[in-house]
Amino acid sequence: MEVFVLVLVRTAGIFTMTPIFGASQIPVQIRLGIALTLTMVFMPLCTSSTHALLAVDVLPMALLIAKEALIGLVIGFVVMLVFAAIQSAGDYIDLVAGFNFATMFDPVTGTQTALAGRFHSILAGMLFFAINAHHIFLSGVADSFRLIPVGQMSLNPVVATGAVDLFVGLFTIAIRIAAPVVAAVFLADVAMAVISRAMPQMNILMAGLPLKLGVGLVGMLIALPVAVALSRGAFMDIQPQTVGLLRLLISR
């Protein structure tokens, strides 16, 4: 029972951070049912030597539960950063192209997002299942039980450095996704600046805003294969990134 509780805590901690599995629109009963099912799947990965190391008293057991929850949060944190990087690319496009004038509710994040941000959020969710990234994600969870057996984690502050490096890498991917559209909008701004100098009587604000919106939409369509390829690569790296972060968590 102790092993089951600890495995359940690690598995349930993942759903707290993962955007799709932990979305508020999914009923709590379904999330709990998935967590219980995965706990039964991951139970055989716990070695028999684990049982002898578990605590019996309340306080040591509470500490073990906190450690297992931390591992689950670390795994979910990696997936959350990938989704956040893809949506951040869309948010940057919204800021540059002027889509921020029209916002809508994003049920995945529970916040107000504009057109490009919502589009990239949906794109990330579709790719996550289309390329079987959820299988890669579950493989990373399974590797965590082999890498850090239940009840045998030791805290290491160096994991913060690994998290920062992961954030920097995914931020670079976000910039690369948004770069083609941002460059196209920038060229449109330059063209409008030249036109305004040649035709001072022209209302550049009224003419420039529709142009930027059109360039932004067309640029998103043209750059869609680039966004898909970069997003696919980010999802495929979930397992090695998760394992690398967990190795830092236990390294001496």
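The structure presented is a predicted model; accordingly, all values stated were derived computationally and were not measured.
- With rounding to the nearest 0.5 Å, the separation of OG1 in T242 from CD in Q239 is 7.5 Å.
- Using the six-membered ring where Trp is involved, F128 and H134 have ring planes that are tilted, between 30° and 60° apart.
- Residues M220 and L224 fail the side-chain proximity criterion, which asks for heavy atoms closer than 4.5 Å.
- Pairing each heavy atom of V181 with each of G216, the nearest pair is CG1-O, 3.9 Å.
- Remark: L36 CG to Q29 CD distance equals 12.0 Å, nearest 0.5 Å.
- Taken from CG in L32 to OG1 in T11, the straight-line distance is 11.5 Å, to the nearest 0.5 Å.
- The 12-atom threshold is exceeded at CZ of F4, counting heavy atoms of other residues, nucleotides or ligands nearer than 6.0 Å.
- Residues T39 and A35 come closest through the heavy atom pair OG1-O, 2.6 Å.
- In this structure the side chain of L73 never reaches within 4.5 angstrom of the side chain of F77, judged on heavy atoms.
- Using a 4.5 Å cut-off between side-chain heavy atoms of Ile, Leu, Val, Met, Phe, Trp and Tyr, with links allowed through other members, V218 and Y92 fall into different hydrophobic clusters.
- Residues I122 and V82 do not share a hydrophobic cluster, clusters being chains of Ile/Leu/Val/Met/Phe/Trp/Tyr side chains in contact below 4.5 Å.
- For the pair L81 and L166, the minimum side-chain heavy-atom distance is below 4.5 Å.
- Both V78 and M236 belong to a single network of hydrophobic side chains, linked directly or stepwise wherever heavy atoms of I, L, V, M, F, W or Y lie under 4.5 Å apart.
- To the nearest 0.5 Å, the span separating CG on L70 from CD1 on I75 amounts to 10.0 Å.
- Between atom CD1 of residue I136 and atom CD of residue Q241 there is a gap of 11.0 Å, rounded to the nearest 0.5 Å.
- For the atom pair OG of S231 and CD of Q87, the computed distance is 12.0 Å after rounding to the nearest 0.5 Å.
- Side-chain atoms of D143 and R146, non-hydrogen and from C-beta on, do get closer than 4.5 Å to each other.
- Looking only at distances, no side-chain donor or acceptor of S121 sits under 3.5 Å from a matching main-chain atom of R118.
- Side-chain atoms of S139 come within 3.5 Å of backbone N or O of H135 as a donor-acceptor pair.
- For the ring-ring contact (aromatic ring centres under 6.0 Å, His included) with F235, the lone residue among F137, F83, F129 that qualifies is F83.
- Of all non-hydrogen atoms in A234 and I173, the two that sit nearest each other are CB-CD1, 4.0 Å.
- Looking only at side-chain heavy atoms (C-beta outward), L115 and L217 come within less than 4.5 Å of each other.
- G117 and D94 get closest at one heavy-atom pair: N-OD2, 2.8 Å.
- Taking 4.5 Å as the limit, every side-chain heavy atom of I177 sits out of range of all side-chain heavy atoms of V226.
- Taking both residues in full, the closest heavy atoms of L123 and A227 are given as CD2-CB, 4.4 Å, listed atom of the first, atom of the second, then distance.
- Under the 4.5 Å side-chain contact rule for hydrophobic residues, L138 and V41 share a cluster.
- Linking ILVMFWY side-chain heavy atoms closer than 4.5 Å, directly or via other members, places V182 and I222 in two distinct hydrophobic clusters.
- Side-chain atoms of R10 and F145, non-hydrogen and from C-beta on, do get closer than 4.5 Å to each other.
- Here the closest heavy-atom approach between residue I86 and residue A124 is recorded as CD1-CB, 3.8 Å.
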